Amino acid sequence: MEKRSISFSPPDISDLEIAEVCEALRSGWITTGPRTKLLERRLAAYIETGKNDIDCSTQEAISKYSQRVVCLNSATAAEELNLRILGIKEGDEVIVPAYTYTASASAAIHCGAKVVFVDIQKDGDKTTHAPEMDYEALEAAITEKTKAIIPVDLGGIVCDYERIFEIVERKKSLFTSVESDGTSLGDLSSRIQKAIGRVAVVCDAAHALGASRDFRGERKYVGAITDFTSFSFHAVKNFTTAEGGASTWLPISGVDNAEIYKMFQLLSLHGQNKDALAKSKVGAWEYDIIGPWYKCNMTDIMAAIGLRQLDRYLGLLERRAEIMAQYDRTCDELGISHLVHHTEDMDSSNHLYLIRIPGIDVEKRNLIIEKMAECGVSTNVHYKPLPMMTAYGKNCSNYPNAYHYYHNLITLPFHTLLSDEDVEYVCDCLKCVCRKFCS
Ligand SMILES: Cc1ncc(COP(=O)(O)O)c(C=O)c1O
């Protein structure tokens, strides 16, 4: 067979995104502005309905979908701001699965909290094979200091939130909310913690825009399930704004949604009480700095990419499903375990295609990655467990299931620039390499 060059996850950017970016550049408004606000409303509508074509420029849509999603410059920033708004600070504990990317944990560390890792289920969830937390270990890890849990919808597969919420409800008596420190942020955090009244569930949905799951008798999209959610729009994600991300949250009883949105704006823009748009009004130059905060807003150039990606997103998800079906057939034929992205009660966002090859060790796994690369096929590993990393102590002995999951794992190239022939080529290479090196 003729050698092909298959990259791992290039962005799918069409002429539509390019034209919209040019429009944004020509418009004279390139930082946070009208395109970012429109993208926020359209994402809010998508998360609520699963529809990507709701006209969000009408007055009705503006009042319905404004101030429910905040677009930012990354998922890491989104997660950190979620935790800051929740008042997570030094002395608090935040529970994170051992099997994830550093951003799931580092955002909590930036807030001064202690990260408590929890191992995953042996070989992952029984149905989806996703590396979900061991829920018994999660329950046991909750202490009086625990303020948040960060479940990760890895690869786009939605965690068992029914179970996670049962756990945090059961552990409610251990929870004490933070008292206000008298600042506007501290006051808001205290009211939010009091209203939630238990450990907060702050989903890392970096991979999961558009994924959904049955929850409390209804189909819900990720973003409309947990207390707070962060999405990533990084270049390798299904939906991209080059870099970028977004936060969303569920309505909190007794706390005005506009106040939460406003606090996100302040936190993401230096704590400055007027953004560039407000300052551009005649004579409205003066502003105050409420807190010495962060700079992580989305620009309208990024939002321009996002608006056209969102137009195309359902089609992109469908194409990913077609590729997945071809991969599933090959893996089943080879006896290789793979993620199951769709079940009766869950539809993933089809983000990553993880496979685990039975009977091989780490060296053999790495050899297979090398041999695939020699065939021109880029693969990857999602993830080396966090406790194995230098920053997290380089010791995975307390997380044997995470290590076991990782040791024979390979991530196949999975993106919408793959042609059917490319996918067939990847499958043929996998068959050839596995038959040669795995017997
Ligand atoms: C699970 C997970 N969480 C968070 C992030 C961080 O996303 P971003 O690069 O947008 O900050 C990533 C990025 O790959 C991720 O894989």
Side-chain angles (χ1 to χ4, degrees), residues 8-11 36 39 43 69-84 94-111 115 117-118 120 124 128 130-133 148-159 201-211 222-223 226 228-248 264 267-268 294-299 302-303 305-306 309 339 348-354 380-389 391-392 402 405-406 409 411 413-415:
F8 182 72
S9 190
T36 306
L39 181 61
L43 286 168
V69 167
V70 177
C71 283
L72 296 163
N73 70 1
S74 71
T76 311
E79 186 186 316
E80 180 167 338
L81 296 200
N82 287 345
L83 296 175
R84 298 253 177 216
V94 173
I95 297 178
V96 178
Y99 206 93
T100 184
Y101 185 61
T102 181
S104 313
S106 62
I109 294 169
H110 299 167
C111 294
V115 166
F117 286 123
V118 160
I120 58 164
T128 63
E132 268 189 55
M133 274 186 282
I149 297 171
I150 309 207
V152 181
D153 293 336
L154 204 139
I157 292 182
V158 189
C159 296
V201 182
V202 185
C203 166
D204 178 342
H207 303 172
L209 181 71
V222 170
T226 53
F228 285 80
T229 302
S230 52
F231 293 104
S232 175
F233 308 148
H234 177 266
V236 299
K237 300 299 188 287
N238 289 9
F239 172 97
T240 188
T241 55
E243 292 285 353
S247 274
T248 186
F264 270 107
L267 284 168
S268 65
Y294 315 99
K295 183 64 167 65
C296 50
N297 52 313
M298 179 177 275
T299 70
M302 298 153 85
I305 304 174
Q309 284 266 295
L339 290 185
S348 138
S349 58
N350 307 337
H351 179 54
L352 292 175
Y353 200 89
L354 307 184
N380 213 323
V381 173
H382 290 83
Y383 290 97
K384 186 169 171 178
L386 273 189
M388 291 177 75
M389 302 291 188
Y392 297 98
Y405 195 91
Y406 146 86
L409 181 134
T411 316
F414 188 37
H415 56 83

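On a predicted model such as this, the values are computed, not experimentally measured, just so you know. Every number for a ligand or one of its atoms is a count from 1 in the order of the listing.
Side-chain atoms of M133 and I149, non-hydrogen and from C-beta on, do get closer than 4.5 Å to each other. The shortest distance between side-chain heavy atoms of H207 and S232 does not fall below 4.5 Å.
Of all protein heavy atoms, the one lying nearest to atom 16 (O) of ligand 1 is Y383 OH, 2.6 Å. The protein heavy-atom contact nearest to atom 10 (O) of ligand 1 is S232 OG, 2.7 Å. For atom 12 (C) of ligand 1, the nearest protein heavy atom (residue, atom name, distance) is Y101 CD2, 3.5 Å. The protein non-hydrogen atom at the shortest distance from atom 3 (N) of ligand 1 is D204 OD2, 2.7 Å.
Sparse packing is recorded around OH of Y101, with 12 or fewer heavy atoms of other residues, nucleotides or ligands lying under 6.0 Å away.
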TODO: Could you walk me through whether S247 and N82 pass side-chain hydrogen bond (donor to acceptor under 3.5 Å, both in side chains), step by step?
DONE: CA-CA 7 Å; S247 274; N82 287 345; 2.9 Å; yes
TODO: Please report the C-alpha distance between D204 and L154 in whole Å, then the side-chain angles of each, then the deciding distance to 0.1 Å, and finally whether the side chain to side chain contact (heavy atoms under 4.5 Å, CB included) criterion is met.
DONE: CA-CA 8 Å; D204 178 342; L154 204 139; over 6 Å; no
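Here the two rings, on Y406 and Y383, have centers that are 6.0 Å apart or farther. When ring centroids are compared, Y392 and F117 come within the 6.0 Å threshold.
Checked by atom type, the side-chain pair H382/T411 shows a donor-acceptor distance below 3.5 Å.
Considering both main-chain and side-chain atoms, K237 comes within under 3.5 Å of ligand 1 through a nitrogen or oxygen pair. Polar contact check, H234 against ligand 1: no nitrogen or oxygen pair lies under 3.5 Å apart. The N/O atoms of H207, backbone and side chain alike, include one that comes under 3.5 Å of an N/O atom in ligand 1. By the 3.5 Å distance cut-off applied to N or O atoms, T76 is counted among the residues near ligand 1.
Looking at F231 against ligand 1, nothing comes within 4.0 Å, counting heavy atoms.
Close contacts of ligand 1 with A206, meaning ligand atoms under 4.0 Å from a residue heavy atom, involve 2 (C), 3 (N), 4 (C), 5 (C), 12 (C), 15 (C). Under a 4.0 Å criterion applied to the non-hydrogen atoms of A103, ligand 1 contributes the atoms 4 (C), 5 (C), 6 (C).
Heavy-atom separations between G244 and ligand 1 include at least one value shorter than 4.0 Å.
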